[in-house]
Amino acid sequence: MARSKAASSKKQQKQRGVDFKKIKRKLGRKLPPPKNSTNTEIKSKAIVLPEQSVASEKAGLAVSKKGLTLKELLQQTSHHNAKVRKDALLGIKDLFQRYPAELKLHRYVVIEKLRERISDNDKVVRETLYQLLKSVIFPACKEDNQGQFVSLMMAYIFNAMTHLAFDVRLMAFKFFDLVVQYYPPSFSLYAEKILQNYEDILRKNQCYLQDKGKLKSAFAGLVRCLSLLPCNKRSIETREKTFTGQGILHAFEPDVPTESAGFSPINDKLKDLVPVLVNCFQEFIPLVHSMLLLDTQSFDCMHYILQSIDLAVGFFVYGIRQGKPTLHGGPDGAIWDQNISSVLLKRFFNVFPLNATHNLSGKFDDRFFILNILIAEIFLQYSEWIFPPAVLLEKFLEFIEDALLGKICSDTRSGKAIWGKHVLSLLPFIPKLLRQVASDWKFRLLQAFTMTFEDCSPESSLKLACLSAIEEMLVPTDEMVCPDASDPLFEHQIIWIRALPVLLILLDDKHPSSSQIVLHLLLRLGQRACMNSSFAREYDNIQYSLSKFYSSCQEGGEICYGPFVRLPRDSQELSICGLYYFSYLDKLSLKSIASCCLCPELEPFVLFRIIEVLHSSFNDGHILIADHMSFFITLLSRFKVFPENIYPAVENDVKISNRGTFKSLTNAVCSCLSQMGDDSLVFQILEKVILDQLLSKPPLDNACAMLRMLVILDSKPTSLSEQSISTLSNYLSGYLIDVVHEPQASEACIGRDGITNN
């Protein structure tokens, strides 16, 4: 039974077959695909069209290099990919440079779309937008409706200023700075809100040392904004401007009546901003003391902070001096003085002077010098409002003395250039400082200032700043008292006065603006010399040094004309007016002036102006009558007349005749002689001198002029002596023959203005 069952089971298996057949695979062979797999390969053929529809739609439209229209580029600025957004901005820049008219047509639409990128999360996109606005859009739209243009931007800029990302916030201030550059009135419209945002971001002091490069642009924008506020004008004029082409906003002009409510919000914001700026500055102090040389980013940030403090405090002082309120309570500034003074004295000036703590090499870092100059300038500008203690004042006086003497800057060529550029900002404060310090410090500062004045080059801006300070100390105002001989100031005033003519000659005609400043100072000094006997004596003595300014006689008798002849007419007028204030003009000075008057290049107007001023000086007793007559005779006897050239060989060789000028000169001299007093006395003085000149056989025109002088002064019957009549008779025979041979001269001498008519 068992065998029969086993056999039956094997039979059944053979009938059913095998469910899964096992296939043996060799190693390394690729497995075949399953029988139920789907083939995913796609085969296609290229379709060639005679013309694409997209290209036909763009025919005649303005497109970028990549063939995109302005609409497509603006749409791509909102793409999720940062690279696409950046490329779209670059494409817009390319399109507007190719087709400037597109920007004029669609400027507002473009701004409405691009302003969305101000808060873009990608730094490269924001920077690309900034460059697009700066280089293309803002310059092209400068003449458009500024109000609408700014309003489109400001909402998104303020939104970016409150962004969570710190980089976006900093970049927002950079965008606002760009707006202010092209549209300065925009700051007056949003001043309160802008200052509040600056205060908020500067309070985040944990980012100072890590993001100095980013903060630099924010500080630069703050300086630009604050410099638009009305401030102490003297501080603005003497400070080297960081930005060019800026001015005070119309809304803040001093002559525009402004309600207190307009200034109060700005005052409140600046009151809060000044301590924040001082804190920012203090954050850099530990870093400064830890390094031998100050790095560029730290220096720039500290430089902008100091400028901001200067401008902010200057606005407070301006408000007080103009009688405008600094607080909501009224124009009284006592409370403000206490608060700001406390901040500046306890937390700002106490770090002066800045220097590297571990600098043992003895070398100076010029960047520290620049920062210390700025701090000293703030101190000097507002010292009357902060009431510094004596110890602090002594510290600043020592710095000023060392700075003027060049002891605290490097000896390199660049160091000397930096010294000359920045030390001049201290010079406008020297006159006021000398009235406040004790006598010992007064002498030390005067010595240092005089050394600076003598050592700097004649044409430098430092020399001009010294001249401005010297003018204030030489020509006092009503509240200033003239120093006596025992005052150290008097001794240095004499040194400065004697240096002015030498400086004028060194300048020559190469620097006319500098020469004009020196001449203006000499004129004011002459006007003041009338009231001070010591100054009058010194002013009279400088005429000997000034002789070379007009002319000088070289070896062999050749005349060398000075810078006076080549200077502009304004400078010549200042010099001529200064001649009147010499209490006495001697022969040498008059000879130098007369030789200058004979220069062919001198304009006739200047010649007649010299005669007018010298004659006024004679009438007031400043010139002797003999010297005055010698001056006139020199002019008429040595004046070179260029006759008309009837047959010129070469057209360019023709000299324009100055015979008309000489006739006018003769008329002017004769008019002056007739006003000098009794004609008979004047005639007696001139008779022999003129005859001696005639016997030397001068040119016909000059002889005619001198004969006319005799005729004008002579009487009927003649006052000539017998010897003079004999001498004159012998001369006139040859003179009349010469007149006949020169038709031009005969017209000048015997015509309407000639001898016959007289």
Side-chain angles (χ1 to χ4, degrees), residues 420 424 427 449-475 492-530 535-554 559-586 588-599 601-603 606-607 609-610 613-614 617 622:
L424 62 84
L427 299 181
F449 173 81
T450 303
M451 290 185 64
T452 301
F453 171 66
E454 293 176 341
D455 294 342
C456 58
S457 59
E459 71 281 358
S460 64
S461 57
L462 183 59
K463 182 73 79 174
L464 297 181
C466 288
L467 289 173
S468 178
I470 287 174
E471 181 177 358
E472 189 172 346
M473 291 184 280
L474 283 178
V475 188
H492 289 84
Q493 285 177 330
I494 302 302
I495 296 174
W496 303 333
I497 292 173
R498 294 174 179 175
L500 294 178
V502 179
L503 173 61
L504 192 61
I505 296 172
L506 287 175
L507 289 170
D508 200 56
D509 61 331
K510 305 297 189 300
H511 308 279
S513 59
S514 300
S515 298
Q516 185 173 359
I517 292 174
V518 178
L519 289 168
H520 181 267
L521 176 55
L522 285 172
L523 176 60
R524 294 202 63 190
L525 182 61
Q527 294 168 344
R528 187 209 169 185
C530 302
F535 269 37
R537 184 167 54 254
E538 285 299 326
Y539 186 75
D540 286 340
N541 289 336
I542 67 175
Q543 65 179 288
Y544 306 108
S545 302
L546 276 176
S547 296
K548 292 183 179 180
F549 176 69
Y550 296 99
S551 67
S552 60
C553 184
Q554 304 294 324
I559 300 298
C560 179
Y561 298 111
F564 173 84
V565 178
R566 300 180 294 275
L567 286 174
R569 182 177 290 187
D570 292 343
S571 298
Q572 291 175 334
E573 176 67 20
L574 289 172
S575 176
I576 295 170
C577 291
L579 295 175
Y580 173 80
Y581 295 99
F582 289 113
S583 63
Y584 169 70
L585 272 172
D586 69 347
L588 293 177
S589 299
L590 289 173
K591 181 180 179 181
S592 173
I593 298 171
S595 299
C596 178
C597 292
L598 297 174
C599 177
E601 286 76 24
L602 190 68
E603 295 183 19
V606 180
L607 170 62
R609 185 77 176 111
I610 292 175
V613 172
L614 289 182
S617 182
H622 301 166

Do L522 and I542 pass the side-chain contact (heavy atoms from CB on, under 4.5 Å) test, and can you show the C-alpha distance, the side-chain angles, and the key distance before you say yes or no? CA-CA 10 Å; L522 285 172; I542 67 175; 3.6 Å; yes

Do Y581 and S617 pass the side chain to side chain donor-acceptor pair (under 3.5 Å) test, and can you show the C-alpha distance, the side-chain angles, and the key distance before you say yes or no? CA-CA 8 Å; Y581 295 99; S617 182; over 6 Å; no

Take S589 and L546 through the test side-chain contact (heavy atoms from CB on, under 4.5 Å) and record every step on the way to the result. CA-CA 8 Å; S589 299; L546 276 176; over 6 Å; no

From CA spacing to verdict: side-chain contact (heavy atoms from CB on, under 4.5 Å), L614, I576: CA-CA 9 Å; L614 289 182; I576 295 170; over 6 Å; no

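Applying the salt bridge (Lys or Arg N to Asp or Glu O under 4.0 Å) test to residues at least two apart or on different chains, none of the pairs has a partner in residues 452-468.
Put simply, CG on L588 and OH on Y544 are 7.5 Å apart, with the number rounded to the nearest 0.5 Å. Interatomic distance, CG of L521 versus OG of S468, reported as 9.5 Å (0.5 Å rounding). Note that CZ of R524 and SG of C577 are 14.5 Å apart. Values are rounded to the nearest 0.5 Å. Rounding to the nearest 0.5 Å places CD of Q572 at 7.5 Å from CD1 of I610. For the atom pair CD (Q543) and CD1 (I593), the distance works out to 8.0 Å, reported to the nearest 0.5 Å. How far CG of L598 is from CG of L607: 8.5 Å, rounded to the nearest 0.5 Å.
For Y561, there are no ring-ring contact (aromatic ring centres under 6.0 Å, His included) partners at least two apart in sequence or on another chain. Partners of S461 according to the side chain to side chain donor-acceptor pair (under 3.5 Å) rule, which considers only residues two or more places apart in sequence or in another chain, do not exist here. Taking R609 as the reference, E573, E612 meet the salt bridge (Lys or Arg N to Asp or Glu O under 4.0 Å) condition, with sequence neighbours excluded.
Among all heavy-atom pairs drawn from Y584 and D540, the shortest one is N-OD1, 4.0 Å. The heavy-atom pair separating V565 from C599 by the smallest distance is CG1-SG, 3.6 Å. Scanning all heavy atoms of the two residues, the minimum distance from S460 to S457 falls at OG-O, 2.8 Å. Pairing each heavy atom of I559 with each of S551, the nearest pair is CG2-CB, 4.2 Å. Closest non-hydrogen pair, S552 versus K548, comes out as CB-CG, 4.3 Å. Of all the heavy atoms in V475 and L525, the pair that sits closest is CG2-N, 4.4 Å.
Below 30°, between 30° and 60°, or above 60°: for F549 and F564 the angle between ring planes is above 60°, a perpendicular geometry.
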Throw together a table of side-chain donor-acceptor distances under 3.5 angstrom for residues 513-520, partners on residues two or more places apart or in other chains.
residue: S515; atom: OG; partner: D508; partner atom: O; Å: 3.4
residue: S515; atom: OG; partner: H511; partner atom: O; Å: 3.2

Pair up each side-chain donor or acceptor in residues 493-507 with any protein partner under 3.5 Å, not counting sequence neighbours, and list the distances.
residue: Q493; atom: NE2; partner: M473; partner atom: O; Å: 2.7
residue: W496; atom: NE1; partner: T450; partner atom: OG1; Å: 3.2
residue: R498; atom: NE; partner: E538; partner atom: OE1; Å: 3.1
residue: R498; atom: NH2; partner: E538; partner atom: OE2; Å: 3.0

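Checked by atom type, the side-chain pair Y550/S575 shows a donor-acceptor distance below 3.5 Å.
For Y580 and H622, the ring centers sit closer than 6.0 Å to each other.
Under a 3.5 Å cut-off, the side chain of S595 and the backbone N or O of K591 do form a donor-acceptor pair. Not one N or O on the side chain of E472 forms a donor-acceptor pair closer than 3.5 Å with the backbone of A469.
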